[in-house]
Amino acid sequence: ASILLLRACLALLAMPIYLLSFLGIWQPFCKKVFFPYFLEKFSAVHERKTKKHKQELFCNLSDFKSPSGELKLLEIGTGCGANFQFYPPGCKVTCSDINPNFQQALSRSMNKNQHIHYERFIVAAGEDLNQVPSGSVDAVICTLVLCSAHNVNGILKEALRVLRPGGAFYFLEHVAADHSSWQYFWQQVLYPTWKLVFDGCCLTRETWKNLEAANFSELNLKHFRVELPWMPIQPHVLGYAVK
C-alpha cells in the first residue's frame with residue numbers, strides 16, 4: 001500500500017510528462033532530444049565510476065579472435081560509444097542501436113577512438129538483428145541495454161545466433177536490488193515514472209536469471225555496486241558468456 005501511495009504522489013509530480021505521453025508528444029521528444037542528451041551526460045558519470053570494472057571486463061577480448069586472427073565485434077545498443085576506448089587496437093566493430101538519434105555523440109566518440117575500425121551502423125532492435133549473418137562475429141557487447149529491452153531473452157537468442165562457436169557475449173547491466181533492502185523498495189516506487197521518463201528503462205529486472213537460463217556453454221558473472229548517490233541503479237552485474 002505504501003508503494004502504491006508513493007507511486008501516486010510521484011505521478012502527480014510528473015503529471016506534465018504523463019500528459020505529454022498521453023498526447024503522444026513525450027515519446028518522440030524523449031527518443032530524439034531528451035534521452036540522447038541525458039545518456040551522453042550520464043555516460044560520462046557512469047564511465048568514471050565503472051572504468052576499472054570495464055577495463056577488467058574487456059581485458060580478455062583479444063582471446064576471442066577468430067582462427068584468422070581477426071576480432072569482429074558487434075555492439076548492441078551502442079548509444080554514445082562509451083565502450084570504444086576499451087576495445088583492442090585493430091578490431092572491427094559493427095554498431096547497432098534501435099535509436100538513430102545518437103549519431104552526433106557517437107561521431108565524437110569515434111573520432112576519439114581511432115585505434116579501432118568501424119564497419120557500419122545498423123538501426124535495429126537487439127531482438128531482431130537480421131542484418132547480421134549467423135556465426136559472423138567473435139564477440140557481442142551489450143552494456144546498459146537489457147534494462148530497457150522489450151525482450152531480454154530475444155536479445156540473448158540473437159546474440160547466440162550471430163556469434164561463431166567459441167565466441168563471447170559481454171554484458172554490464174544495472175539490476176534489481178536485494179528484495180529485503182530499502183533500495184528495492186524505492187526501485188518499486190520509482191519504477192512506473194522512471195520507465196516513462198527514461199525511454200523504457202526498468203529498475204527491477206533480475207537480468208542474471210535470463211543469462212543463467214540462456215544456452216551459453218560457460219557463464220562468468222559477478223554482482224557489484226556502482227556508487228551513484230541518490231540513484232536507484234546502483235546494483236549491477238557484469239561478465240561474459242561463451243557460446
Side chain to side chain donor-acceptor pair (under 3.5 Å) partner of Tyr87, chosen from Glu75, Lys92, His115: Glu75

For residues Val242 and Leu74: do they belong to one hydrophobic cluster (side chain heavy atoms under 4.5 Å, members Ile, Leu, Val, Met, Phe, Trp, Tyr)? no

Could you walk me through whether His46 and His236 satisfy the ring pair (Phe, Tyr, Trp, His ring centres under 6.0 Å) test, starting with their C-alpha distance in whole Å, then the side-chain angles of each, then the deciding distance to 0.1 Å, before giving a yes or no? CA-CA 12 Å; His46 192 268; His236 283 61; 5.3 Å; yes

Answer yes or no: is there a side-chain heavy-atom contact under 4.5 Å between Leu160 and Asn215? yes

In terms of hydrophobic clustering (I, L, V, M, F, W, Y; side-chain heavy atoms under 4.5 Å; direct or indirect links), are Leu12 and Leu5 co-clustered? no

Using the ring pair (Phe, Tyr, Trp, His ring centres under 6.0 Å) rule, take Phe185 and Trp182 through it: C-alpha gap first, then chi angles, then the decisive distance, then the call. CA-CA 5 Å; Phe185 172 85; Trp182 275 108; 5.3 Å; yes

Residue pair Asn60 / Tyr240, side-chain heavy-atom distance below 4.5 Å: yes

Sequence neighbours left out, what passes side-chain hydrogen bond (donor to acceptor under 3.5 Å, both in side chains) with Asn113? Give chain and number order. none

Do Val140 and Phe121 belong to the same hydrophobic cluster, where Ile, Leu, Val, Met, Phe, Trp and Tyr are linked whenever their side-chain heavy atoms lie under 4.5 Å apart, directly or via other members? no

Cluster question for you: counting only ILVMFWY and a side-chain heavy-atom cut-off of under 4.5 Å, with indirect links fine, are Trp194 and Trp186 together? no

Considering only heavy atoms from C-beta outward, does the side chain of Gln85 approach that of Lys51 to under 4.5 Å? yes

Over 60° means perpendicular and under 30° means parallel, so tell me whether Trp26 and Phe34 are parallel, tilted or perpendicular. tilted

Taking Tyr184's backbone N and O only, do any of them form a donor-acceptor pair with Ser181's side chain (distance below 3.5 Å, no angle check)? yes

Look only at the side chain of Thr143 and the backbone of Phe171, and say whether a donor-acceptor pair between them is shorter than 3.5 Å. no

Parallel, tilted or perpendicular for Phe38 and Phe42, by the 30°/60° rule? parallel

Using a 6.0 Å cut-off, check whether atom NE2 of His223 has over 12 heavy atoms from anything other than its own residue. yes

Is the side chain of Gln183 donor-acceptor paired with the backbone N or O of Ala177 at a distance under 3.5 Å, no angle test? no

Do His179 and Glu206 have side-chain heavy atoms sitting under 4.5 Å apart? yes

Under the 4.5 Å side-chain heavy-atom rule for ILVMFWY, direct or indirect, which residues accompany Tyr37? none

In sequence, state the C-alpha distance, the side-chain angles, and the governing distance for His53 and Leu238, and then conclude on side-chain contact (heavy atoms from CB on, under 4.5 Å). CA-CA 8 Å; His53 295 288; Leu238 64 73; 3.7 Å; yes

Checking Cys201 against His174 for the side-chain contact (heavy atoms from CB on, under 4.5 Å) test, could you report, in this order, the C-alpha distance in whole Å, the side-chain angles of both residues, the deciding distance, and whether it holds? CA-CA 10 Å; Cys201 177; His174 70 81; 3.3 Å; yes

Walk me through whether Lys243 and Phe169 qualify under side-chain contact (heavy atoms from CB on, under 4.5 Å). CA-CA 8 Å; Lys243 176 178 177 179; Phe169 175 76; over 6 Å; no

Flag the pair Glu158 and Arg161 as a salt bridge only when some basic side-chain nitrogen lies within less than 4.0 angstrom of an acidic carboxylate oxygen. yes

Going by heavy atoms in the side chains, are Cys95 and Met110 under 4.5 Å from each other? yes

Within the distance-only criterion (no hydrogens, no angle test), does the side chain of Asp138 pair as donor or acceptor with the backbone N or O of Lys65 below 3.5 angstrom? no

Regarding Lys31 and Asp199, does a basic nitrogen lie under 4.0 Å from an acidic carboxylate oxygen? yes

Checking the side chain of Arg7 only, and the main-chain atoms of Pro192 only, is there a donor and an acceptor separated by less than 3.5 Å? no

Are Val197 and Val45 joined in one hydrophobic group, where the rule is that I, L, V, M, F, W and Y side chains link up if heavy atoms are under 4.5 Å apart? yes

Does Ser21 reach the main-chain N or O of Ile17 with its side chain, forming a donor-acceptor pair under 3.5 Å? no

For the backbone of Glu70 and the side chain of Ser66, can you confirm whether one donor and one acceptor N or O come within less than 3.5 Å of each other? yes

With a 3.5 Å cut-off and no angle check, do the side chains of Asn151 and Asn153 form a donor-acceptor pair? no

Would you check if the side chain of Ser109 reaches a backbone N or O of Ala82 as a donor-acceptor pair within less than 3.5 Å? no

Would you call Arg108 and Glu40 a salt bridge, taking side-chain N to carboxylate O under 4.0 Å as the test? yes

Can Leu57 and Phe86 be said to form a side-chain contact (heavy atoms from CB on, under 4.5 Å), step by step? CA-CA 9 Å; Leu57 173 64; Phe86 303 104; over 6 Å; no

Please check: side-chain N/O of Gln234 versus main-chain N/O of Arg225, any donor-acceptor pairing under 3.5 Å? no

Give a yes or no on whether the backbone of Leu144 and the side-chain of Glu173 come within a donor-acceptor separation of less than 3.5 Å. yes

